[in-house]
2 protein chains.
Amino acid sequence: MAELDSPAQADLVAQWRELLALRATTACALDRELGERHGLGMSEFEVLEHLVEGCVSEGRPALRVSDLAPTVHLSQSALSRLIARLEKAGLVTRSMCELDRRGVVIALTEAGRERYEQARPLHRDVLGRHLGGSEGAVGSAGPVGGACTG
Amino acid sequence: MAELDSPAQADLVAQWRELLALRATTACALDRELGERHGLGMSEFEVLEHLVEGCVSEGRPALRVSDLAPTVHLSQSALSRLIARLEKAGLVTRSMCELDRRGVVIALTEAGRERYEQARPLHRDVLGRHLGGSEGAVGSAGPVGGACTG
DNA sequence: GGACACTACATGCACGTGCATTCAATGCAA
DNA sequence: TTGCATTGAATGCACGTGCATGTAGTGTCC
């Protein structure tokens, strides 16, 4: 009775559900494990990572908030508050941009870089376990377990 | 100086970022368009869809909350409240399960089924536009536009 | 120089989410 | 039957998010 999906649409839906499931389990694992072991959320880690990459690739010691925005899938306000949290935790500093004083320059602190370097192996490991099939460094970060939400 | 990722790890990270980006833009578009045109969030739509599928495939008129849980990537509490919202909107009904009176049986109302049928074409269209490349039904649901968060 | 539109970021507010807890119902054992 | 662990779902609470708005700084046109 009810209209049915065409085969193409059914494929699309199946693809979408698979994508959602993979994202949910992986993101959840990242949030939980990074949170437990390093006191970082997934997005916090990503911001630190982009900060590191930005510095490395452009030789700059810091990035504007507006440079960070497109890389992290967060609203402008969420990013603003996330940076506030990182600053409060002493992992980054916020300072006025000299050239355009509306802008804010975000810089990694030494503690921020250290925290990132410490967390990265776990981040890669979680990715390997969930995305790469079964090539994660077995035994390096505990069992796969974790019910999470998905 | 800082330790670098192995090529395999770099691939993993790239794959993960792509996944995140695709999910963010698609989910955002779904939420926005379904919300604007049908008063449904992405998760609300998914619950209705699973309800419809459950009925079709098993000939049952309703599903237990615990049957719904694994299919939607939400915590138990979030699912509970989401169902409360759907009930308040008159799209589903909650009733006690006769066999196990701890359980709650969720049933689609006529309005719920109608709303789902109305929203489904748009849902499929958004998926087609974002997942399928460029095979979305052009012109059937307005321009792709929308900055969203991603 | 002054008015205006625009951009970069921060903040008030409402809302959805997860965690921990609670309450009711069930199953099992003594 | 009583007692206890377990399960299904709802709820108090804290928190992160997005939207709308506010504030400050920039650039342009008159």
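Just so it is clear: chains get the letters A, B, ... in the order the sequence lines come, proteins before strands, and each one is counted from 1. Quantities reported herein were computed from a predicted structural model and do not represent experimental measurements.
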- Query: Mapping S43(A) and S66(B) to their closest nucleotides on DNA chain D, which lands nearer the 5' end?
  - Reply: S66(B)
- Query: What integer distance in Å separates E36(A):CD from dG18(C):C1'?
  - Reply: 14 Å
- Note on the structure: Atom CG of L30(B) and atom C1' of dG18(D) are separated, to the nearest Å, by 17 Å
- Message: If I take atom CE in residue M42(A) and atom C1' in nucleotide dG16(D), what distance separates them, rounded to the nearest angstrom?
- Response: 13 Å
- Taking the side chain of R94(B) as heavy atoms from C-beta outward, which of dA10(D), dG8(D), dT11(C) is closest to it? dA10(D)
- Map L99(A) and L79(A) onto DNA chain D by nearest heavy atom, then report which one ends up closer to the 5' terminus. L79(A)
- Would you please confirm or rule out a distance under 4.0 Å between OP1 or OP2 of dT17(C) and any side-chain N or O of S77(B)? no
- Between atom CD1 of I106(B) and atom CG of L48(B), what is the distance when rounded to the nearest 0.5 Å? 11.0 Å
- Task: Remember a base hit wins even if backbone is also touched, and classify R81(B) as base, sugar-phosphate or nothing at under 4.0 Å, heavy atoms.
- Result: base
- Phosphate OP1/OP2 of dC19(D) contacted by R32(B) side-chain N/O (<4.0 Å): no
- Salt bridge present between R129(B) and E33(B) (N-O < 4.0 angstrom): yes
- Query: How long is the gap from CD on E49(B) to OG on S43(B), to the nearest 0.5 Å?
  - Reply: 12.0 Å
- Note on the structure: With the side chain defined as heavy atoms from C-beta on, L74(A) is closest, among dG18(D), dT26(D), dT26(C), to dG18(D)
- Side-chain contact check for S80(A): nearest option of dT11(C), dG25(D), dA9(D) is dT11(C)
- Query: Rounded to whole angstrom units, what separation is found between the NZ atom of K88(B) and the P atom of dA10(D)?
  - Reply: 15 Å
- Message: Can you give me the closest heavy-atom contact between A111(A) and G90(A), atom names plus distance?
- Response: CB-O, 3.8 Å
- Taken to the nearest whole Å, CZ/F45(A) to P/dG16(D) is 19 Å
- Respond yes when some side-chain nitrogen or oxygen of R64(A) is under 4.0 Å from OP1 or OP2 of dC9(C), and no when none is. yes
- Query: Is a donor-acceptor contact shorter than 3.5 angstrom present between the side chain of Q76(A) and the base of dA10(C)?
  - Reply: yes
- Considering only NZ, NE, NH1 and NH2 on the basic side and carboxylate oxygens on the acidic side, decide whether E110(A) and R113(A) come within less than 4.0 Å. no
- Message: What is the distance, to the nearest angstrom, from the CG atom on D100(A) to the C1' atom on dT23(D)?
- Response: 15 Å
- Atom pair distance, as rounded to whole Å: CZ in R101(B) and C1' in dG8(D): 14 Å
- Value in whole Å for how far the P atom of dG16(D) lies from CG of D31(A): 11 Å
- Query: Sequence neighbours excluded, which residues qualify as salt bridge (charged side-chain N to carboxylate O under 4.0 Å, His left out) partners of R102(B)?
  - Reply: D100(B)
- Does R85(A) place a side-chain N or O at less than 4.0 Å from the phosphate oxygens OP1/OP2 of dT17(D)? yes
- S75(A) side chain: which of dA9(D), dG18(D), dC9(C) is closest? dG18(D)
- Item | Residue R102(A), side-chain heavy atoms: nucleotide from dT26(D), dT17(C), dT7(D) that is nearest | dT26(D)
